[in-house]
Amino acid sequence: MNRLLLKWIGTLLILIWFLVTLWLHDLATVTEPNEFTFATVLSSCTGTFGFELGRQIHSLIIKRTLDTHIFVGSSLLDMYAKAGRIHEAREVFESLLERDVVSCTAIISGYAQLGLDAEALELFRRLNLEGMSSNYVTYASVLTALSGLAALDLGKQVHNHVLRCKLPFYVVLQNSLIDMYSKCGNLIYSRRIFDNMPERTVISWNAMLVGYSKHGMGREVVELYKLMRNENKIKPDSVTLLGVLSGCSHGGMENVGLEIFEEMVNGKDGVKPDIEHYGCVVDLLGRAGRVEEAFEFIKKMPFEPTAALWGSLLGACKVHSNIDIGEFVGHRLLEIEPENAGNYVILSNLYASTGRWEDVRMVRDLMLKKAVKKEPGRSWIEVDQTLHSFHAIDRSHPRREEVFAKMKELSIKFKEAGYVPDLSCVLHDVDEEQKEKILLGHSEKLALTFGLISTSERAPLRVIKNLRTCVDCHNFAKFVSKIYMREVYLRDKNRFHHISMGVCSCGDYW
DNA sequence: GTAGGGTTAG
């Protein structure tokens, strides 16, 4: 309710401001608003309502044939990109009569911010060939795309390049480099950059804290946060506390996390907790096995629980096999977020783990009835600066025959060492043998296997998955690390799993 | 960021 009100007020303010700007320009020039006026106004058209306004302005611009001006063009395409209308943004970009570094950066960052990282990278390459120039903003956007792809080698290339060019606003680039290295699984590099920064912003601290958090390094998160408080130069913000709290949760520091939250409530950190911080507490309690407490906590919160928040409690119910609360929460989730396939999967797995096969079938039927589409699972691995992407039961990779042959070998070898396929990870109604086949075809297993046959012995394997990884693949990765003496870095949708000698940094809770 | 593009986010 409040949010809606705020949105309306925001739109109203933009409108008023637009009119005032027009009026002021009329006074100043005694003629019409010029292209700069439109550019300024367009850049404030964000959010749903802003987008509608932006579209109105677009048609106004077309009527006045002002859209040929580069400033208007870049703000226009940025407005579309920020509204998630990347095709419209691209259309505007392609129709520009001239291009400069800002308009090129705007379209690249548009793709990157929507998570279309491969498209962003490809466009950057193409525009480079066509002779575009780049500056620090361009590289920051490219680094965002590389972080998303976990393209470590390419990221290093960009790093070398920006060092050679001695670009201005290096702190911004260093922030993106910290983030890039951490998302590519190389925290040592992140920390090295962080330690050598002559100056830091709150984003530098946040990027480093979030890096530790995603890697499950709770102690480092708390230590770094203490350092930040002791230095007392940069004030923590809402993102800082999110990083710290989720870091405590991922890193097994439940009690420290709860203390810090308590301090937030008492106003010590100068950041008031909002719904997402409450979400972290649910996660903290859930992880510690305090599922009932987490449930009570949600009931007493000063916020309406979001789907993400229920989802986190459902995850805890699954791990700690709390069927009573899990069932309640699961059905609640299916009500408020019926389109999210993940919810059906976790609820079904919860039923499966307690042997309630009738209910498993019920959930699966519900899923079919509502025609919920599961985002196809995809994993990739970087070998020799090339990203190799795999879909489940992939038949498209040029070395697929080798991959499948190796997979068969691994399956036999791992079973001898104690690997038991977790068939509850398969939702399809097929026989056991078929289930095992589906399970072995999971994309992260294909990527891991490809990594094993295409990298040198003992080289670490860095695999990225677009969804949350399943219990069985997690287990499979443990066997890879143990039997082949490989460090495995598995980055899933939420966080990192650093698996070494059969033990994962996540402590099997994710 | 000086009329347009940027870095952190359960």
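Below, read A as the first sequence line, B as the second, and so on, with proteins coming before strands; counting in each chain starts at 1. Computed from a predicted model, the values in this text were never measured in an experiment.
A ring-centre distance under 6.0 Å is found for A/Tyr278 and A/Phe297. A/Tyr181 and A/His159 have their aromatic ring centers within a separation under 6.0 angstrom.
Applying the side-chain hydrogen bond (donor to acceptor under 3.5 Å, both in side chains) test to pairs two or more places apart or on separate chains, those with a residue in residues 340-350 of chain A are A/Glu337-A/Asn340, A/Glu337-A/Asn343. Sorted by first and then second residue, the side-chain hydrogen bond (donor to acceptor under 3.5 Å, both in side chains) pairs with a member in residues 72-81 of chain A read A/His58-A/Tyr80, A/Asp78-A/Lys82; sequence neighbours excluded.
You'll find a donor-acceptor pair under 3.5 Å spanning the side chain of A/Thr105 and the base of B/dG5, going by distance alone.
Counting to the nearest Å, the P atom of B/dA9 and the CD1 atom of A/Ile178 are 12 Å from each other. Taking atom CZ of residue A/Phe71 and atom P of nucleotide B/dT2, one finds them 9 Å apart after rounding to whole Å. For A/Ile275 and B/dA9, the CD1 to C1' distance is 15 Å, given to the nearest whole Å. Rounded to whole Å, the distance from OH on A/Tyr80 to P on B/dG4 is 19 Å. The interatomic distance linking A/Leu241 (CG) with B/dG10 (P) rounds to 13 Å, in whole Å. Atom CZ of A/Arg90 is separated from atom P of B/dG5 by 19 Å (rounded to the nearest Å). Atom CD1 in A/Ile70 sits roughly 9 Å away from atom C1' in B/dG4 (whole-Å rounding). If you take OH of A/Tyr278 and P of B/dA9, they are 23 Å apart, rounded to a whole angstrom.
Residues A/His69 and A/Phe71 meet the side-chain proximity criterion, which asks for heavy atoms closer than 4.5 Å.
Using a 4.0 Å heavy-atom criterion, one finds that A/Ser109 contacts the sugar-phosphate atoms exclusively. Looking at heavy-atom distances under 4.0 Å, A/Asn135 makes contact with a base.
Shown here are the side-chain contact (heavy atoms from CB on, under 4.5 Å) partners of A/Val158, two or more places apart in sequence or in another chain: A/Tyr139, A/Val142, A/Leu143, A/Leu146, A/Val162. Every side-chain contact (heavy atoms from CB on, under 4.5 Å) that A/Val471 has, sequence neighbours left out, goes to A/Asp422, A/Cys425, A/Trp510. Every residue two or more places apart in sequence or in another chain that forms a side-chain contact (heavy atoms from CB on, under 4.5 Å) with A/Glu293 is listed here: A/Leu285, A/Arg290. The side-chain contact (heavy atoms from CB on, under 4.5 Å) search around A/Glu382 returns A/Ala151, A/Leu152, A/Asp153, A/Leu154, A/Leu387, not counting sequence neighbours. For A/Glu304, there are no side-chain hydrogen bond (donor to acceptor under 3.5 Å, both in side chains) partners, not counting sequence neighbours.
Ranking B/dA3, B/dT7, B/dG5 by closeness to the A/Lys82 side chain, first place goes to B/dG5. Residue A/Ala106 has its side chain nearest to B/dG5 when only B/dA9, B/dG5, B/dG4 are considered. Out of B/dG5, B/dA3, B/dT8, the shortest distance to the side chain of A/Thr138 is found at B/dG5. Minimum atom distance to the side chain of A/Val101 is reached by B/dG5, of the listed B/dG5, B/dA9, B/dT7. When each of B/dG10, B/dG4, B/dA9 is scored by its nearest atom to the side-chain atoms of A/Asp179, the top-ranked nucleotide is B/dA9. Comparing B/dA9, B/dT7, B/dA3 against the side chain of A/Thr144 picks out B/dT7 as the nearest. Each of B/dA9, B/dG4, B/dG10 was ranked by its minimum atom distance to the side chain of A/Val210; first place goes to B/dA9. Taking only side-chain atoms of A/Glu276, from C-beta outward, the nucleotide of B/dG10, B/dT8, B/dG4 with the closest atom is B/dG10.
Phosphate proximity of B/dT7 to A/Gln113: present, with a side-chain N or O under 4.0 Å from OP1 or OP2.
Residues of residues 183-205 of chain A having a heavy atom closer than 4.0 Å to DNA chain B, listed by number: A/Lys183, A/Ile203. Using a 4.0 Å cutoff on non-hydrogen atoms, no part of residues 310-333 of chain A comes near DNA chain B. A heavy atom closer than 4.0 Å to some atom of DNA chain B occurs in no member of residues 283-304 of chain A. For DNA chain B, the residues of residues 159-175 of chain A within the heavy-atom distance limit of 4.0 Å (strictly under) are A/Phe169, A/Val172, A/Asn175, sorted by number.
Under a 4.0 Å N-O distance rule, the pair A/Lys226/A/Glu223 does not qualify as a salt bridge. Salt bridge absent: A/Arg191 and A/Glu220 never bring a charged side-chain N and a carboxylate O closer than 4.0 Å. Ion pairing between a basic and an acidic side chain is recognised when a charged N comes within 4.0 Å of a carboxylate O; A/Glu231 and A/Arg200 show such pairing. A salt bridge does not link A/Glu122 to A/Arg126: none of the charged side-chain nitrogens sits closer than 4.0 Å to a carboxylate oxygen.
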Donor-acceptor pairs under 3.5 angstrom involving side-chain atoms of residues 248-260 of chain A: please list them, not counting sequence neighbours.
from, atom 1, to, atom 2, distance (Å)
A/Ser249, OG, A/Asp283, OD2, 3.1
A/His250, ND1, A/Ser213, O, 3.2
A/Glu254, OE2, A/Arg287, NE, 3.2

